[in-house]
Amino acid sequence: MRMVHISDIHVSSQYYVPEWGQKVVDLINNLDPDVLIVSGDLVYEGLMHEYDQAVEYLDAIKVRKKIIIPGNHDARNEGYRLFEEVFEKRFPVYENGVVQILGIDSSEPDISDGHVGRENYSLIEETLSDLDKLRILTLHHHLIPIPGTGRERHIPLDAGDVLKVCHDVGVNLVLSGHKHRPWIWCMEDTYFITAGTATTRRLKGRSYPCFNVLDLEGGELVVTEVNVSDESKKEILRFRMH
Ligand SMILES: [Fe+2]
Ligand SMILES: [Fe+2]
C-alpha cells in the first residue's frame, strides 16, 4: 500500500510557485498512491475564491482516497465553515486491512495557535485502536518543537496531553505540517513526521519544497522524502511493525 503526505500547499498565496505545484500533481499521479494525506494550509486567508483554487488543485491529483484536514490559514475569516462545506469533515477517518488513519482539526479560527481539545482524545483512542494495523494520526500543528524554525510558536496548547494520548495508544505515525520544514522526531514507538511545504517558496533558511511517500509492504514501512525542486529522493525512515 502506498500513501503520499503533502502539506502547506497554500495555493492562493503570493508564495505559491505554480511550477512546483504542477510538478507535485504530476509526481503524485505517477506514484499512483492509494491514499493522499493533506495536512492543512491549503489556502492563505480562508476566502471563498481561494477554496475554489484549492479544490481545483486537489481535483487534479488522481487519488481515490484523500484525507484532508484544515490548517490555521484555512480557518481564517470563517474559512473553517467553507472547509466543512467543501471537504465535509474536519475530522476524517479512513481504514482498510492494514492502516487506520484519523485526521484532527487542530486549528483555531483567526489565530495561528494549535489546539486539539480534551473532547477529542477519546476519538484518537477509539479510532486508532487496532494494534495489528499501522495507525496514523494527522493534524496540522507540530506536537514537538521543530529545530531551525525560530522562536517556538503555535504548538498546540495541549501538546503535552496529546503526546500522552499518542504514547498510551501507541500511535505509529503522527503526520503534521505548519512549520514549512521537514523533520522527524521519534518518541518511544511513535514517529512524528513534519512535512515541509510542497509548493511554496515560504521556506525556512535553506529548506526546500518537498513531500513524503509512505510505502507499507509486508509489515515494513518505508518513508521517502521527495524534493520538489530537484526531484531528488531520500529515504528518511524505515521500520517494521511489531
Ligand atoms: Fe503553512
Ligand atoms: Fe500553518
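Residue indices begin at 1 and follow the sequence shown. Every number for a ligand or one of its atoms is a count from 1 in the order of the listing. This one's a predicted model, so the numbers in the text were calculated from it and none came from an experiment.
- For the pair R2 and D34, the salt-bridge criterion is not met [side-chain N within less than 4.0 Å of a carboxylate O].
- For H73, every N, O or S atom stays at 2.8 Å or more from the Fe ion (ligand 2).
- Screening T199, I37, T197, I28 for a side-chain contact (heavy atoms from CB on, under 4.5 Å) involving I6 leaves a single residue, I28.
- H178 contributes ND1 as its N, O or S atom closest to the Fe ion (ligand 2).
- One of the N, O or S atoms belonging to N72 lies under 2.8 Å away from the Fe ion (ligand 2).
- With the Fe ion (ligand 1) as the vertex, NE2 of H180 and OD2 of D8 span 90° to the nearest 10°.
- For a distance bound of 2.8 Å, the N, O or S atoms of H10 include one lying that close to the Fe ion (ligand 1).
- Taking the six-membered ring for Trp and the full ring otherwise, the centers of Y44 and H73 sit less than 6.0 Å from each other.
- Within D41, the N, O or S atom lying nearest to the Fe ion (ligand 2) carries the name OD2.
- A donor and an acceptor atom, one from each side chain of H154 and H178, are located under 3.5 Å apart.
- Note that NZ of K204 and OG1 of T149 are 5.5 Å apart. Values are rounded to the nearest 0.5 Å.
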